[in-house]
There are 2 protein chains.
Amino acid sequence: MTTLKELAALLNISVSTVSKALNDSHEISENTRTRVKELATKLNYKPNRIAQQLKTNKSKTIGVILPTVTNPFFAEVLHGIEKTATNNDYDIIVCLSNETFLKEKRSLELLSNGSVDGFIMAVARESQVKNETEHILDVIKSRLPVLMFDRVVNEIECNKVIVDDFQSVLEATEYLIEKENRKHILLVSNIEELSVGKLRIEGYSKALENHNLKPHILKLDHAVDVDVEKKIYDYLKANTTIDAILSIDHVTGIVAINMAKKLGLKIPEEMSVMGFGFDHTPLLSSPKISIIHQKAHEIGEISTKLLIDSLKDDSLQLQTIVVPSDLKLNESTD
Amino acid sequence: MTTLKELAALLNISVSTVSKALNDSHEISENTRTRVKELATKLNYKPNRIAQQLKTNKSKTIGVILPTVTNPFFAEVLHGIEKTATNNDYDIIVCLSNETFLKEKRSLELLSNGSVDGFIMAVARESQVKNETEHILDVIKSRLPVLMFDRVVNEIECNKVIVDDFQSVLEATEYLIEKENRKHILLVSNIEELSVGKLRIEGYSKALENHNLKPHILKLDHAVDVDVEKKIYDYLKANTTIDAILSIDHVTGIVAINMAKKLGLKIPEEMSVMGFGFDHTPLLSSPKISIIHQKAHEIGEISTKLLIDSLKDDSLQLQTIVVPSDLKLNESTD
DNA sequence: TTGTATGCGTTATCAC
DNA sequence: GTGATAACGCATACAA
């Protein structure tokens, strides 16, 4: 890699002159400035990022700690983060906690040594279940800003970007009740131990309560296993009054449609099915599933913007931004 | 952040003594070593990574350039990369090309300034279609090793990790012909302009040729649009001899199953459906789709291992590793 | 066993 | 308009 020193030697001028010339300092003459720049381009000179970082004590890098990236929600958030970071001249270092507390803790610690200027994270399932928060507080204490999205620790004061889990499920449920005239709505859940899962179930319960309806909840193992099909099938077979299914994740809704069809139920006439999902989710079922569409990409963008703003000016007030979801209704019939 | 200098000042010893003590140098007395270490833990000292990088001229960071991360294949590869990198004390900086040449080029350039010790990449669709390779060659010329996986540029000499696209589709097709006695196999493709897509189609064609069968190919827009359903439906309706569908991506196979069912075809009796997929893909259809299962996680692991090995010893021979796929057959019947 | 000096590549301050 | 020098935090060759 070409360095300032090499350029200086080749041009028989000092390193500082070269540096100033490249940074368009007004102190430098037109002549030398162009000479320097020409040689720099010729030798493909690029300022060493590491040296700049050491000098300025800024890494211009954001640490991104995700529970997983095979979950399409987090994948899409990552997409939004990467785009916004790049547009603002930041790199991202990505660590995956694999939903474990230990890996999350290790990742935070390892990057808290100057590698990053701040963190964007969604808390690991295990940390959330065991209510582990010390490791995150340690980071904040060391004056590295942390932004949490989606899965959030209420007790920790920091910038947050969350989904309107309660409200969106409340509205979706009320839609099923009021517009589609459903009375026995089955909620299918495999994430009830997560903060977001709890909120979604609360939204569902609240809507039923508002209409004096009885809840039906089918809890599944969170490790999406082969039994999912059977459990849903058996439940529907044994409970024939069910006239709507509301899945609070992005997979079991699809399974539910398939099982309802297998039981000979007409969709959407006899059974409404709604789930969480992304742009291409409805394509995976026929008839297309109705989805609560979380603006995952936007969540990533907003989170990154907010963190970068707080990096630039650390006197900014902490805030919690709620990103509303879209209800995308089934358009097709079978 | 605590620095060596601060520790030294507090202990009234020199910086180098502190440094050596922390690095367990045998030159340092037991006594001072423990004193230093105690204070270090107490003040939560962590060596500044940036400074270490500048000193050693190694970033211990890998640049990962992916076309997208919302495609589950790349998401799972990323998972494998992250895991292996972490296990070997490497960080990863992730950039997404969004399938565009320009972003890919920019990302490579931006990180080729000391930020990373090497790259793992899958070539962007646009770069592949337009046969753009200069930007990658530039990186290699600047002595930064590049490892390509999945989407590969044949003309570039570097380490490569690829899937057995040709062979796996050949075998899958022959399975349909020989074991399931199919004679009119429809190939559904939305990636025929990618190197991997071409290879898969070749595998299919070769198998048909071996058995003197006629190919049926349905090409779809690569932007998975709403028309996918209609196009497949219409094709199946108009071509009633089709008795098997082979999708070479991870979405259209699911759609194909749904459309076949919609047409009243019994699966798998009257119609076999096979696609590419991942562990949870079969769950998305009923009956479960048969899949060619690419070991994406393994591809990530192997790629990372290979790159890190070449980082440690740059005299190693370049190699191309082929990761075989698994054929996972439909187990259920409807 | 400990300390001093040097340099990684850059930028900034100051002197010429 | 240009250049010498110091500093960021760390590691190491060398001196004491």
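Convention: sequence-line order gives letters A, B, ...; per-chain numbering from 1.
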Checklist entry - Relative to the ring of A:F149, is the ring of A:F73 parallel (under 30°), tilted (30 to 60°) or perpendicular (over 60°)? => result tilted
Item to check | Euclidean distance, atom CG of residue B:N23 to atom C1' of D:dA11 [Å, nearest integer] | outcome: 8 Å
Checklist entry - Distance only, no hydrogens: is a donor on one side chain within 3.5 Å (strictly under) of an acceptor on the other, for A:Q52 and A:T56? => result no
Item to check | Toward the 5' end of DNA chain C, by each residue's nearest nucleotide, A:Y45 or B:T32 | outcome: B:T32
Item to check | B:E30 with B:R35: basic N within carboxylate O range, under 4.0 Å | outcome: no
Item to check | Short side-chain N/O contact to D:dG9 OP1/OP2 from B:S19, under 4.0 Å | outcome: no
Next on the checklist: From NZ of A:K46 over to C1' of C:dT10, roughly how many Å is that when rounded to an integer?
Outcome noted: 17 Å
Item to check | Modelled atom types, side-chain donor and acceptor of B:S59 and B:D117, under 3.5 Å | outcome: yes
Checklist entry - Do B:S25 and B:N23 have side-chain N/O donor and acceptor atoms under 3.5 Å apart? => result no
Checklist outcome for this item: the helix from C:dT1-D:dA16 to C:dC16-D:dG1: angle between terminal helix axes, five bp per end, to the nearest 10 degrees, reads 60°
Checklist outcome for this item: Rounded to whole Å, the CG-P distance (B:L4 to C:dT6) equals 19 Å
Next on the checklist: Just the rounded figure in Å: distance from C1' of C:dC8 to CG of B:N48.
Outcome noted: 13 Å
Next on the checklist: Between P on C:dT10 and CD1 on B:I50, what's the gap in Å once rounded to a whole number?
Outcome noted: 15 Å
Checklist entry - Does a donor on one side chain sit under 3.5 Å from an acceptor on the other, for B:E104 and B:H135? => result yes
Checklist entry - Going by distance alone, is a donor N or O of one side chain under 3.5 Å from an acceptor N or O of the other, for B:S97 and B:T100? => result no
Checklist outcome for this item: Separation of D:dC10 atom P from B:L22 atom CG, nearest Å, is 9 Å
Next on the checklist: Looking only at side-chain N and O atoms, does B:T70 offer a donor or acceptor that is under 3.5 Å from a partner on A:E76?
Outcome noted: no
Item to check | Integer-rounded Å distance: C:dT10 C1' and B:N113 CG | outcome: 13 Å
Item to check | Nearest-Å distance for atom pair CD/C1', residues A:Q53 and D:dG9 | outcome: 13 Å
Checklist entry - Which nucleotides of nucleotides 3-8 of chain D have their base under 4.0 Å from a protein heavy atom (B), which only their sugar-phosphate (S), and which neither (-), written as one string 5' to 3'? => result BB--BB
Checklist entry - Taking atom types as modelled, is there a side-chain donor on A:N31 or A:S29 under 3.5 Å from an acceptor on the other? => result no
